[in-house]
Structure formats: structure tokens, C-alpha cells
Chemist: 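I'd like to ask some things about the structure below.
The sequence lines fix the lettering, A, B, ..., with proteins before strands; numbering per chain opens at 1.
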Amino acid sequence: MSIKRDFLRKIVEEDVKSGKYKEVTTRFPPEPNGFPHIGHAKSIALNFGIAKDFGGKCNLRMDDTNPTTEDTKYVEALKDAVNWLGFEWSGDVRFTSDYFDKLYEWAKELIKMEKAYVDSLSEDEIREYRGTVTTAGKRSKYADRSVDENLELLERMKNGEFKDGEHILRAKIDMSSPNMKMRDPLIYRIRNHSHFRAGDKWAIYPMYDFAHCLSDYIEGVSHSICTLEFENNRDIYNWVIDTLELEHPRPYQHEFARLNINYTVMSKRKLLELVEGDYVSSWDDPRLPTIAGLRRRGYTPESILNFCESIGVAKANSVVDIAQLEFAIRDDLNLKVPRVMCVTKPLKVTIANYKGSQEDIEASLYPKDVPKDGSRVLPFSKEIYINQDDFSQNPPKGYFRLTPQQPVRLKYAYIIECKEVVTNESGEVIEIVANYYPDSKSGEDKSGIKVKSAIQWVEANSSIEAELRVYDRLYKNEAPNGIEDLNENSLQVIKGALIEPYAINSNEERFQFEREGYFYKEPIDYTNEKPIFNKIVSLKDSWAKKDLPKKVTKEPKKESQKPSKSGEMAELSDNQKVIFENLIKEHNINNQLASILATDDTLYSFFVTAVNEHKSAVTIANMVANDVSKELKVNSIDEVNFTPKTIALLAKMVDEELISSKIAKEVFEIVVKDGGSPEDIVEEKGLKQISNPEEILPIIKDIITQNQEKAEQYRSGNKKLFGFFIGQVLKATGGKANPKIVNELVTQEL
RNA sequence: UGGGGUAUCGCCAAGCGGUAAGGCAUUGGUUUUUGGUAUCAACAUUCGGGGGUUCGAAUCCCUCUACCCCAUCCA
């Protein structure tokens, strides 16, 4: 288990530590209504990864509660994806549909508790009754049906006695809840539609909000991890479990940000649009971010897992740069796959002074920085092909390849130089006549010629023609909206590329075509007669980049924000104004503090009571407005461990310089957590402030000696380190040293 | 507009009162028979803005701003 943990793993870790759960159980719960994409991979990696890290289990559950959209082919695709990524789910694949009976019983339970009712409003009426985000909704007149009537209706709904939409089962919660999701959520709807697994048994199907939490509960899930858009649903999740009074341990829901990648789309709807509109070949089109697509393109599971790990898990909506994914696959393949030579745009080279008919050159499959062995035989003869890009008659500055003036090495073979350029009638170079240096053979070079680069080549007779499918980003737009943003050049088919025999004859599936990129034997269309390779990703190319237009640097993002009025404050009522003025005049409290106290009755009365105990308005006001207010955000005043007296005491000790304000905060936190009186805590833990320089000085000297280097840096201008020294001293004294004195002494000593 | 979230480098992302981690990208140097890899170095005096508290604030408090989610009988 790595030391660095995302926030979810921290939550899990804490739950494990506190003994909340005997075992960690997570689940990956897709709806089988589409093909999984790399966003699912993030979720898979997370859920299965957490289970693995904590020695728990992870289930694979098909959330199949909507019979009209789901299909078994998606179930297979989902299983494949999990397997391919290298994970094993615990037990069999689960289906929410397996729990339909249980779920139905719970629904009846809710009715009996008068916490659910059958509503018979129309769809439009329901929407209307729900209200809006700013106005409360109102309850349906059907909400008062008797338990028996509800039970009977539900039974008949289940048996298919009604048409779709005629009735609906709703939870009875709160039609004026600020959380729209809690306005009597729908929990069962009529769907006279057969289910791909349950067949025609049911005419009603549970809704997500009812089914999901209970399915988690049935499976003994401890941590139900989902994406951010379900944050609002968490209240129902808890409501259902609480209301049914299910026994502990019970699952809790946690949310993280879903994955977005630039230049592509991740939503089911948009992906479907691409496939159905024939903008791509199918769900496994190598340009798609689907697992099937990535897989067909040649991505390895390891690279995707590494990618998922590199992007982290957090709650901020974000868009990951596609370059990060490309890095992951390059990084993985670099150490794994053999190098091979391929000429994408062949240019014939005749070696005029080559005497023999053919020779075989043995060449390593891996560069020396890849710790793998293996070699293949490279035929060489008078007639070879090089890439058109590797020859130039008018080379740009810094061009390392073959020119009429500049020799080049044929990788693993000889150095050649251009003797004659043959052009066709339109002036295009169609052939090069070259000379080679017989004594320049790779590994036994005695020619003494220095070349700037070594290029790939293939021998004319033995090389094999192949088709290359080269993919570019699917969209030309970083944040694509729709079809109009598609990159029409996202697929480029190169026919007539020439490739060395080894690539065809070996069993390897992935190769690096040297100086070109990583390629994958097209898993479906490849035949030995017609070899086809998918380009997985290109190599980094700092030469090609030079010609590219520099990415327009965005204008400085620090757009000036409207400067808000300093110390802006809430509108005060007349009564509050009086208090406000009084606080400022009588107690010498600053505007902001006064405003906070004046606008909050609880804080104000807290303040007044505390000041009665100890007449130190400013100190107390600060503590009340900062620390007390913080606690009261979480807990109400009646359920909290402290009283105004606590604060008064603390303020007194601070005023008397018995403790520092830092320690006061610390003590306050202890009181909040465990209760007790401040004085006892200070006494018990020996937190009294040390203000005696003679006591502090040796410690400072010690720390400076231990950190000579940093002291030096400080003296030569790195003033940031001041805080470091203060921190060290305070740490050494357990926070007890009087920081003011420490400040003075450290300044003096340094 | 009510509620729920989120803001730290071009892109991800650590950080939880004491020196602003790391990765990707970018820019230079070294090595290199891949313009690849590896390696070294540079890249946030500042954490959305403004205030307050503190010896000290990305971290605590107040306030403003921007963006995302919620009014499917989808999940």
C-alpha cells in the first residue's frame, strides 16, 4: 500500500481503523446499457483497487433496473472490460434484478410504515407538483391513501393490471425539501416491458434511488463509491436505509469526480451518436475512448491502470490532457516491445557500388537501454527503400538526415551518401542513387565517418507491403460539443508501407516501428496476406514539433476580479445596528468582528455571557467569531462540549500570557473533542507557556547547529526559512515556547 | 434564484497553522546508431478576489466571485 492516498482511501482507512466494518467491500455497479469507456476504467481501478489495498472484496453488479434500455451484450462487454484490466470480482456477477423480490418486500414495508404511497397523478402533474428549486412543491392528493389501499394498488401494479404511467410508488418524505431529490422521490414505476433477465415476471421496476442503496446493503457493501452527480441522491440513499431501520453495518455513499479527457467525449449519449451516425466504425473503433476501442488500438491494460493512478482521485471537476494518456502507453511499451523497421512512404535507393547480391545482418530487437534480449536477421542488398522524409534536397536548418551533401547511416547497416537524385517529369524525387562505405558496417565501422543520424530502411525484395491505420484525435476541439467538432482527418490509411519480414513472421503483436511510433497488429482485419497495423501512439518528436505553430499562449488568466469593498458586511437590521455600534464603541472591537457577532444571535449571546465572566471583549470576540463559530457550523450549541465560560477561561489565560493563542486553540479543540475544563487540560498536559529566554535560547542554538545549511541560506537571503526555524523551535518545546520571544531570539541568533 | 459541491502552475494533483510535494506538458544541457529512452537542470515569493484572527495562514473566521450538479416515471 502506497503512502500517498486519495481522499477515498483515507476515508476507508479510517473506517477500518475505527472498526466500523469487519471487511471492506466495494462494488462496481454499471448499468448494462452501453459500452464501458476509460471513465469506467477509472471507477474499476478505484473500486477494485481499494478492495485490493485493504484486503477486501469488490463485486461486479449490473444495475439493471430499467428494462427498456438494457441488454445482455453490454453485460458481456462490462465483464470483459473488468477482466481485461486484470481484476476479479468477488463471487458471481450480481444483478440488481436478482434482488427484485427483496426490494419489493421492502417497498411494502415502507407502505406499512406510511412512508410510501401510490400516486396516481400524471407525469406532467407530478412534475408540476414538485415545485422548482426556489419554490416548494405540494403533496399529491393521493398521498393519504390507506395502507391497505396502497398495498393493494402496488400488488396490482406489479401484476400488470395497469398501463405504464397510470400509477407510481413514491416515498413520503418532504415536498418542500430544498433538495429536489427528496420531494417524495419515485421508487417504483410501471413498465410493461420484459426484462432481459427477469423476463415478464414484473410489470413494475424499482428506481435507482430505491434499488441502489438496498442492493449495496444486501451485498454487504461498506463503501459505495459513485460520481459527483449523485451527491444530491445521498440523502435518499441514507433515508431509505435509515427509515427501514436496517441493521448495521450499513453502506455509506462517497462521491468522486468522473474522468474527462480533452479532444474526446465520454458521455454515453455522444458515444452512441458517433456509432449510430457511422462517424466511427463501431464501438471498438480505435479512435474511441471505449475500453474496446483502446484495446483494439493497442493500448495495454497496464498503461490504462497506470494512467488512472497518475491522474489521482479528487472531487474537483477536471479535464485531463490526452497527453497524459499517451505518456502512459509510451512509457509502458518502451520497455516491452521489439523495435522493427518500417518505411511508411518508400523512396527507392539504389546502392551503385554494392557488389554482392544480398547479405544478412543480425540486428538487436531492443536498444541497449531496454533490458531485453533478442535479435532478428535483416536482409540487405543493392536495392533498398528509405522514408521520403529522410531525404531532402533543400534541407531546413538542423536537418540530420540524408541530403546530397550529408551522408547518413542505414540503421544496423552501412553509411551511404547520395550520388544522384532521379526525378520524374514533375520534379519529384523518385529514386536516389547512392554509394555505400563497405567498411562502415554497424559494429565494425572503420570508416571514421561521422553521421548525424541513423535512419530506418527496408530491403526491396524481402520487405512486405502493409497497411497502416494512423489515428489522430477524434475531435479538433479541446472541449468538443458535438459532431461539428469532429476532426475529419482522425483516420488516415496508409497503403503501401514497407515493413521488414520479422514483424510479419513473429508472434509479437505490438512493435515499435523505429522513429515512427508504436503499432499493433490489427486484431480483426489483419491477415498474413494483407498485414494491417494500427498506430497506437507516435514517438515523442521534438524535431517535428519545431515546425509546428507554437501553441497560442493564453492571455494571462489573472483577469482582474471586481475588487470587493473592504470588510464587506451583511445588511444589518436596526436592532443589529445598535449592537454593532455598541460593540465597536464600548468594546473596541473591529468592524468585521462586530458585524459577525451582531448578525448572529447565538454567537452574540455567547459572547455576552463570556464577557461577563472575564472582561476581555476583544480576545473573546476573536475566539467566538473564529473558533466557536467554526464548531457551531457542525454542531448546535446544545450538543457541544463547551460553554461561554470555557472561552472566558481561555481568554483569561491568554491575556495573562499563561498560554499562547496557539495553545488556546489547541486546548479549545481538546475541549471540543473530549470535554473538560481548560485549566485542567493546561495543567495536565503542562501546556503553560515558556517565556523565559534562558530556557528557550539553548533550544534555538541547538536547532541552528542542527540546520547549519538552512541557517546559511537564511543569512544569504532566503527569508522564507524564518518560519521553518520558528516551527522547529515550537515543535521542540511542544508548542509551549512563547512565539513572540522565540521570534525575537531567532532573529537575534540568526 | 433554493439546496448540494468545487477552486493550489498550461493540464492533473499533494498539502489540514510553521521551507508550496509529485506526474504530464514545456524549455535548455548531457548520453545515444531511434530528433526515442535515460539523465541533469529550469518552470507557483504564492494557493479564485478582498478582509479578519495569529509571532506566523493555501490551511481557521467573514465576505465576494466563478464553475459544476439537482425540478427524467434515466442511472
Chemist: Going by the angle between their ring planes, with limits at 30° and 60°, are A:W543 and A:F400 parallel, tilted or perpendicular?
Modeler: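 The arrangement is parallel - the two ring planes meet at less than 30°.
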
Chemist: Reckon A:S595 has a side-chain N or O less than 4.0 Å from the OP1 or OP2 of B:rU63?
Modeler: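 Looking at the OP1 and OP2 atoms of B:rU63, neither is under 4.0 Å from any side-chain N or O of A:S595.
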
Chemist: Considering only heavy atoms and no angle criterion, is a donor-acceptor pair shorter than 3.5 Å present between the side chain of A:Q592 and the base of B:rU53?
Modeler: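 By the distance-only test, no, there is no pair.
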
Chemist: Just name whichever nucleotide pairs with B:rA7, Watson-Crick or G-U, keeping both distances under 3.5 Å, else none.
Modeler: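 Its partner is B:rU65.
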
Chemist: Take the protein atom CG of A:N707 and the nucleotide atom C1' of B:rG18, then report the distance between them rounded to whole Å.
Modeler: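 Rounded to the whole Å, the gap is 13 Å.
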
Chemist: Using a 4.0 Å heavy-atom cut-off across all strands, classify A:Q713 as base, sugar-phosphate, or nothing.
Modeler: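 Nothing: the residue A:Q713, judged by heavy atoms under 4.0 Å, touches no strand.
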
Chemist: Between atom CD in A:Q512 and atom P in B:rU34, what is the gap in whole Å?
Modeler: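 In whole Å, B:rU34 P lies 11 Å from A:Q512 CD.
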
Chemist: Please confirm whether A:F230 and A:Y208 have ring centers closer than 6.0 angstrom.
Modeler: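 Centroid distance A:F230-A:Y208: below 6.0 Å, so yes.
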
Chemist: With rounding to the closest Å, how many angstrom separate the P atoms on B:rU46 and B:rA20?
Modeler: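 12 Å, rounded to whole Å.
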
Chemist: Describe the nucleic acid contact of A:V313 in one word from base, sugar-phosphate, nothing, applying a heavy-atom distance below 4.0 Å.
Modeler: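 Sugar-phosphate, backbone atoms only, no base.
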
Chemist: I'd like to know if A:Q324 reaches the base of B:rG23 with its side chain such that a donor and an acceptor end up less than 3.5 angstrom apart.
Modeler: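 For A:Q324, whose side chain was compared with the base of B:rG23, there is a donor-acceptor pair (under 3.5 Å).
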
Chemist: Could I get the full list of side-chain hydrogen bond (donor to acceptor under 3.5 Å, both in side chains) partners for A:N179, not counting sequence neighbours?
Modeler: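 A:N179: side-chain hydrogen bond (donor to acceptor under 3.5 Å, both in side chains) contacts with A:D235.
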
Chemist: For A:R715, check side-chain hydrogen bond (donor to acceptor under 3.5 Å, both in side chains) against everything at least two apart and list the hits.
Modeler: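 Listed in chain order: A:E712.
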
Chemist: Taking atom C1' in both B:rU65 and B:rG50, compute the distance separating them and give it to the nearest angstrom.
Modeler: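 Result for the C1' pair: 10 Å, nearest Å.
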
Chemist: Does the side chain of A:N590 get closer than 4.0 angstrom to OP1 or OP2 of B:rU53 through an N or O atom?
Modeler: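 For B:rU53, OP1 or OP2 has a side-chain N or O of A:N590 closer than 4.0 Å.
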
Chemist: Base, sugar-phosphate, or nothing: which does A:V319 touch, judged by heavy atoms less than 4.0 Å apart?
Modeler: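 Sugar-phosphate contact only - A:V319 comes under 4.0 Å of backbone atoms but never of a base.
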
Chemist: From the list B:rC62, B:rU19, B:rU53, which nucleotide is the closest neighbour of the side chain of A:K720?
Modeler: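 For A:K720, the side-chain atoms sit closest to B:rU19.
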
Chemist: Taking the side chain of A:K540 as heavy atoms from C-beta outward, which of B:rU34, B:rA25, B:rA7 is closest to it?
Modeler: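 Closest nucleotide among those given: B:rA25.
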
Chemist: Should the heavy atoms of other residues, nucleotides or ligands under 6.0 Å from NZ of A:K731 be counted, would the total exceed 12?
Modeler: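 Open.
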
Chemist: Name the nucleic acid region contacted by A:Y412, choosing base, sugar-phosphate or nothing; use a 4.0 angstrom heavy-atom cut-off, strictly under.
Modeler: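 Base: the residue A:Y412, judged by heavy atoms under 4.0 Å, touches a nucleobase.
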
Chemist: If the condition is side-chain hydrogen bond (donor to acceptor under 3.5 Å, both in side chains), which residues does A:Q324 pass it with, not counting sequence neighbours?
Modeler: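 Scan of A:Q324 (side-chain hydrogen bond (donor to acceptor under 3.5 Å, both in side chains), adjacent residues dropped) gives A:S310.
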
Chemist: Indicate yes or no: does A:D541 engage A:R515 in a salt bridge with an N to O separation below 4.0 Å.
Modeler: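 Answer for the salt bridge query: no.
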
Chemist: Output a table of nitrogen or oxygen pairs between the protein and nucleotides 55-58 of chain B separated by less than 3.5 Å.
Modeler:
residue : atom : partner : partner atom : Å
B:rC55  : O2   : A:N743  : ND2          : 2.8

Chemist: Applying ring-ring contact (aromatic ring centres under 6.0 Å, His included), name anything that partners A:Y142, two or more places apart in sequence or on another chain.
Modeler: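 Expected list: none.
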
Chemist: Would you say A:R515 places a side-chain N or O within less than 4.0 Å of OP1 or OP2 belonging to B:rG35?
Modeler: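 For B:rG35, OP1 or OP2 has a side-chain N or O of A:R515 closer than 4.0 Å.
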
Chemist: B:rG36 P sits how many Å from A:M341 CE, rounded?
Modeler: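 To the nearest whole Å, that distance equals 18 Å.
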
Chemist: Which of the following nucleotides, B:rA25, B:rU37, B:rU54, is nearest to the side chain of A:F327?
Modeler: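 For A:F327, the side-chain atoms sit closest to B:rA25.
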
Chemist: For A:E657, I'd like to know if atom CD has over 12 heavy atoms of other residues, nucleotides or ligands within 6.0 Å.
Modeler: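 No, because the 6.0 Å sphere around CD of A:E657 holds 12 heavy atoms or fewer from other groups.
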
Chemist: My understanding is that only residues two or more places apart in sequence, or in another chain, count here; which of them pass side-chain hydrogen bond (donor to acceptor under 3.5 Å, both in side chains) with A:N232?
Modeler: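 side-chain hydrogen bond (donor to acceptor under 3.5 Å, both in side chains) check on A:N232 returns nothing, list empty.
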
Chemist: Check whether more than 12 heavy atoms from other residues, nucleotides or ligands sit under 6.0 Å from atom NZ of A:K450, and answer yes or no.
Modeler: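 No, the 6.0 Å shell around NZ holds no more than 12 heavy atoms from other groups.
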
Chemist: Does B:rU72 fall in syn (glycosidic angle within 90° of 0) or anti?
Modeler: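 Base orientation relative to the sugar is syn.
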
Chemist: B:rA25 and B:rC16: how far apart are their P atoms, nearest whole angstrom?
Modeler: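 That atom pair is separated by 28 Å.
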
Chemist: Test for a donor-acceptor pair under 3.5 Å between the base of B:rG36 and the side chain of A:D369, counting only N and O atoms.
Modeler: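 Between B:rG36 and A:D369, which were checked side chain against base, a qualifying N/O pair under 3.5 Å is present.
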
Chemist: Could you state the atom-to-atom distance from NZ of A:K368 to C1' of B:rU39 in whole Å?
Modeler: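 So the two atoms are 15 Å apart, to the nearest Å.
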
Chemist: Tell me which nucleotide among B:rG36, B:rC62, B:rG35 gets nearest to the side chain of A:Y399.
Modeler: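 The answer is B:rG35.
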
Chemist: For B:rA7 versus B:rC60, give the span between their P atoms, rounded off to a whole number of Å.
Modeler: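 After rounding to an integer number of Å, I get 12 Å for this pair.
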
Chemist: Judged by each residue's nearest nucleotide on RNA chain B, which is more toward the 5′ side, A:S542 or A:G727?
Modeler: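 Per heavy-atom nearest nucleotide, the more 5' residue is A:G727.
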
Chemist: Rounding to a whole Å, what distance do you find between A:E709:CD and B:rU19:C1'?
Modeler: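 Going from A:E709 (CD) to B:rU19 (C1'), I get 13 Å.
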
Chemist: For A:A413, which residues count as a side-chain contact (heavy atoms from CB on, under 4.5 Å) partner, sequence neighbours excluded?
Modeler: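 With neighbours one apart ignored, the set is A:I361, A:F380, A:L410, A:W457.
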
Chemist: How many whole angstroms separate atom CG of A:N588 from atom P of B:rU53?
Modeler: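 Between P of B:rU53 and CG of A:N588: 12 Å.
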
Chemist: Under 4.0 Å, heavy atoms only, any strand: does A:K633 hit a base, just the sugar-phosphate, or nothing?
Modeler: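 If one applies the 4.0 Å heavy-atom cut-off, A:K633 turns out to touch the sugar-phosphate alone, with no base involved.
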
Chemist: Assess whether one donor atom and one acceptor atom, taken from the side chain of A:R234 and the base of B:rG4, lie less than 3.5 Å apart.
Modeler: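 When only heavy-atom distances are counted, A:R234 does not reach the base of B:rG4 through any donor-acceptor pair under 3.5 Å.
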
Chemist: Return the value, rounded to whole Å, for the distance between atom CD1 of A:I261 and atom C1' of B:rC24.
Modeler: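 Distance, rounded to whole Å: 13 Å.
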
Chemist: Remember a base hit wins even if backbone is also touched, and classify A:L721 as base, sugar-phosphate or nothing at under 4.0 Å, heavy atoms.
Modeler: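 Contact class for A:L721: base.
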
Chemist: For nucleotides 69-75 of chain B, read 5' to 3', which letter fits each nucleotide if B means a protein heavy atom sits under 4.0 Å from the base, S means only the sugar-phosphate is that close, and - means neither?
Modeler: BSBSBSB

Chemist: Looking only at N and O atoms, is any donor in the side chain of A:N626 or the base of B:rG52 less than 3.5 Å from an acceptor on the other one?
Modeler: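 By the distance-only test, yes, there is a pair.
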
Chemist: Can you list the residues that meet the side-chain contact (heavy atoms from CB on, under 4.5 Å) rule with A:P32, with sequence neighbours excluded?
Modeler: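 A:P32 satisfies side-chain contact (heavy atoms from CB on, under 4.5 Å) with A:M62, A:D64, A:E70, A:Y74, A:V75, A:L78, A:F196 only.
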
Chemist: Which whole number of Å gives the distance between the P atom of B:rA21 and that of B:rA58?
Modeler: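 That atom pair is separated by 13 Å.
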
Chemist: Look at the side chain of A:K719 and the base of B:rU45, then say whether one donor and one acceptor between them are separated by less than 3.5 Å.
Modeler: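 Checked by distance alone, the answer is no.
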
Chemist: For nucleotides B:rG15 and B:rA71, find the distance between their C1' atoms and express it as a whole number of Å.
Modeler: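 It comes out at 38 Å once rounded to the nearest Å.
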
Chemist: Report the nucleotide, chosen from B:rC12, B:rG10, B:rC61, that has the shortest atom-to-atom distance to any side-chain atom of A:V320.
Modeler: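 The answer is B:rC12.
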
Chemist: Counting the atoms with a prime plus P, OP1 and OP2 as sugar-phosphate, which does A:G398 contact under 4.0 Å by heavy atoms, base, sugar-phosphate, or nothing?
Modeler: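 Since a base atom lies under 4.0 Å of A:G398, the category is base.
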
Chemist: So which nucleotide does B:rG17 pair with, by the Watson-Crick or G-U wobble rule with both distances under 3.5 Å?
Modeler: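 Matched B:rG17 with nothing under the 3.5 Å cut-off.
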
